[in-house]
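Within every chain, numbering begins at 1; the chains are lettered A, B, ... in the order of the sequence lines, protein sequences first and strands thereafter.
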Amino acid sequence: MELSAIGTGFNYALTCPAQSYFPLIPSASAPTTTTRRKNSQRTSAVTATPLLKEPRNESQPPPPSGQRRHSKSYLARQAAILEVQQSSDLDSALQRLEGTLKVQDLNVILRNFGKQSRWNDLSQLFDWMQQNDKISVASFSSCIKFMGKSLNPMRALEIYSNIPDEAIKSNVFICNSVLSCLVRSGKFDISTKLFHKMKQNGLTPDVITYSMLLAGCIKVKHGYSKALDLVQELKYNGLQMDSVMYGTLLAVCASNNQCEEAESYFNQMKDEGHSPNIFHYSSLLNAYSAVGNYRKAEELVQDMKSLGLVPNKVIRTTLLKVYVRGGLFEKSRELLLELEALGYAEDEMPYCLLMDGLAKAGNINEARSIFDEMKEKGVKSDGYSHSIMISAYCRGGFFEEAKQLAKDFEAQYDKYDLVMLNTLLCAYCRADDMESVMQTMMKMDELRISPSYTTFHILIKYFCKQKLYLLAYRTMEDMHRKGHQPQEELCSSLIFYLGKTKAHPEAFSVYTMLKYGKRTMCKALHEKILHILLSGQLLKDAYVVVKDNTELISQAAIKKFANAFMKLGNINMINDVMKVIHGSGYKIDQELFQMAISRYIENPEKKDLLLQLLKWMPGQGYAVDSSTRNLILKNSHLFGCQLIAEILSRQQMMSKALKSH
DNA sequence: ATAGGGTTAG
């Protein structure tokens with residue numbers, strides 16, 4: 001322990017030549033690798049210092065800096081810093097050295113813990129500093145920054161919100177650290193909200209604040225317009241864009257396909273006197289790659305070279321992407337050779353770019369030959385190239401080839417992730433290899449990888465194709481349970497098949513999943529499900545469908561529904577159904593009334609409902625015809641003769657009045 | 001005495 005402490009102290013002296021004047025430190029010029037024996041040999045030589053550029057000996061005056069006077073306490077503090085850092089019991093070390101260590105020393109330790117990713121120690125030290133009131137703004141700032149690095153934004157927010165002093169809470173360094181921590185942890189929305197709150201509480205943002213938030217726009221939806229807002233606000237506050245901000249802004253443009261904007265910022269940046277570095281070029285080139293603008297890309301690379309910047313692996317790979325997107329496969333191949341020669345093609349990525357481009361352009365055989373060449377050369381691969389080719393074969397309809405490569409992959413690699421599993425699944429489904437499909441699903445289960453939207457989609461489609469409609473339905477149920485909203489087209493066809501195979505309740509269940517999802521659905525689907533429900537005699541469900549979609553269902557379908565319902569539907573709902581279909585603009589005919597009334601006559605205990613219906617009719621312009629009236633009169637003893645006679649006469653008066661008009 | 005950015009890639 002002691003020895004190592006001395007050793008490190010010695011190294012520290014190396015970084016601070018001024019310390020070499022102190023006899024405690026043997027040699028400032030001794031290299032780290034020098035052995036202890038050589039060290040001791042040299043000590044005397046250094047004391048004489050005849051070869052040093054600025055020889056000093058005892059007769060010379062001491063250096064003007066204050067370091068000499070404070071040397072003892074300074075050294076004690078350095079030693080204490082080391083002791084704390086190397087201590088196995090942090091709290092006791094802190095207790096022991098409390099008198100020696102100043103706040104800035106503790107901050108040094110804090111930062112060192114951060115640099116070494118010693119998160120627990122960092123947290124413990126910070127707590128101690130807070131409890132012992134040995135803390136400064138810098139401590140907060142550093143600590144919060146490292147909370148971002150350790151991806152612990154909640155702890156950072158907690159620390160920040162526990163700061164009692166409003167002035168410290170609005171300190172720009174602390175605010176910047178908090179925001180940086182949030183942005184780094186992918187919490188852009190929270191950081192934006194907090195930023196506004198901070199401004200309200202008195203924060204004056206600086207370039208770094210804006211730069212940080214701008215960086216958050218790269219991986220975010222509508223990042224470009226958010227970035228523009230930030231830039232505008234920055235300018236409004238009298239701040240100026242610097243080279244860092246331009247770099248970030250270019251990356252935002254590139255990731256949002258704002259090619260022309262990227263170009264114009266690049267030029268603007270140069271006009272303002274900032275010289276672009278390789279990253280600025282890289283981002284702009286990336287923007288060109290999205291649109292395949294190879295002319296501009298080539299120009300840019302020339303421009304870059306003329307400034308003395310050497311295109312690196314990323315630049316060249318991005319240029320390859322430009323050529324691929326632009327459909328310049330000859331040039332792509334040439335560039336790939338160049339990458340190989342430079343040792344930039346040691347992994348499969350550039351090959352995959354070209355293969356994918358070729359396959360998507362319909363040139364699947366050429367893609368395959370690159371794949372084979374690559375395998376022959378023994379290029380490092382983690383299976384991505386297989387995935388590219390399998391997808392390409394599936395897209396092109398070469399299902400056997402896809403399956404072959406899928407099997408090939410499984411024999412060679414044991415690295416499965418969700419995307420790969422989905423790719424394999426797709427290949428096995430298309431090649432109609434049920435056994436492998438099931439094996440893949442078991443694999444997924446085994447690896448505790450939960451199926452994605454795509455997984456379910458592939459499976460459901462496959463099961464439909466296999467006419468395993470109930471299995472497809474169960475899968476869709478599962479998908480829905482996991483919170484995925486199935487695609488309408490898939491639902492629609494499954495509904496159709498389920499209906500055809502007389503799985504009416506299942507068909508309705510699929511319809512319900514779709515209906516309560518967020519997406520809009522095809523208008524014709526309501527009528528389709530209505531027919532299915534009617535053929536399954538699910539009249540209550542049919543009633544709900546009609547009620548909820550009256551204006552989307554044809555008169556013919558309403559008629560079919562109404563007839564079915566009057567014949568066999570729940571007698572208690574007959575009047576409701578009448579009202580609903582009338583409300584939809586459907587003109588109820590005599591046949592329907594007669595059916596309803598016959599049901600009531602068969603069930604005399606429902607006489608109240610019959611009376612209600614008869615009373616309702618004249619208000620809507622309906623009256624029973626003579627044959628129905630006779631039917632009612634014949635059974636009027638069941639319902640109360642007097643009442644029936646009254647109601648019928650009112651109906652008659654109404655219908656006469658209508659006729660005379 | 002502390003805070004910032006960017007590149008290829010399912």
Peer 1: Are the side chains of A/R395 and A/R430 in contact, using a 4.5 Å heavy-atom criterion?
Peer 2: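 SC-SC contact between A/R430 and A/R395 ruled out.
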Peer 1: A/F140 and ring-ring contact (aromatic ring centres under 6.0 Å, His included): which partner among A/F126, A/Y160, A/F173, A/F146?
Peer 2: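 Of the listed residues A/F126, A/Y160, A/F173, A/F146, the ring-ring contact (aromatic ring centres under 6.0 Å, His included) partner of A/F140 is A/F126.
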Peer 1: Using a 4.0 Å heavy-atom cut-off, does A/N422 contact any base of the nucleic acid, only the sugar-phosphate backbone, or nothing at all?
Peer 2: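 Contact class for A/N422: none.
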Peer 1: Of all heavy-atom pairs between A/N237 and A/P205, which one has the smallest distance, and what is that distance?
Peer 2: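 It is ND2-CG, 4.3 Å.
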Peer 1: Regarding A/M349, tell me which of base, sugar-phosphate or nothing describes its non-hydrogen contacts under 4.0 Å with the strands shown.
Peer 2: base
Peer 1: Checking all strands, does A/T248 fall into the base, sugar-phosphate, or nothing category for heavy-atom contacts under 4.0 angstrom?
Peer 2: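 If one applies the 4.0 Å heavy-atom cut-off, A/T248 turns out to touch the sugar-phosphate alone, with no base involved.
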Peer 1: Checking side-chain polar atoms at under 3.5 Å, does A/D303 have a donor or acceptor matched by the opposite partner on A/Y281?
Peer 2: yes
Peer 1: Taking heavy atoms of chain A and a 4.0 Å limit, find me the 5'-most and 3'-most nucleotide of DNA chain B within that range.
Peer 2: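 Taking any atom under 4.0 Å from a heavy atom of chain A, the span is B/dA1 to B/dG10.
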Peer 1: Is atom NZ of A/K461 surrounded by more than 12 heavy atoms (other residues, nucleotides or ligands) closer than 6.0 Å?
Peer 2: no
Peer 1: Contact class for A/D242 (heavy atom, under 4.0 Å): base, sugar-phosphate, or nothing?
Peer 2: base
Peer 1: Considering every strand and a 4.0 Å limit on heavy-atom distances, what is the contact class for A/N171: base, sugar-phosphate, or nothing?
Peer 2: nothing
Peer 1: Tell me what A/I218 touches on the nucleic acid: a base, only sugar-phosphate, or nothing, going by heavy atoms under 4.0 Å.
Peer 2: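 Sugar-phosphate, backbone atoms only, no base.
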Peer 1: Select base, sugar-phosphate, or nothing to describe what A/S136 touches, counting heavy atoms under 4.0 Å on all strands.
Peer 2: sugar-phosphate
Peer 1: Just how far is it from atom CD1 of A/I390 to atom CD of A/E401, taken to the nearest 0.5 Å?
Peer 2: 12.0 Å
Peer 1: Could you tell me whether A/A251 contacts a base, only the sugar-phosphate backbone, or nothing, with contacts defined as non-hydrogen atoms closer than 4.0 Å?
Peer 2: sugar-phosphate
Peer 1: Students often get this wrong, so: under 4.0 angstrom with heavy atoms, is A/V207 touching a base, only sugar-phosphate, or nothing?
Peer 2: base
Peer 1: Give me syn or anti for B/dG5, where syn covers glycosidic angles within 90 degrees of 0.
Peer 2: anti
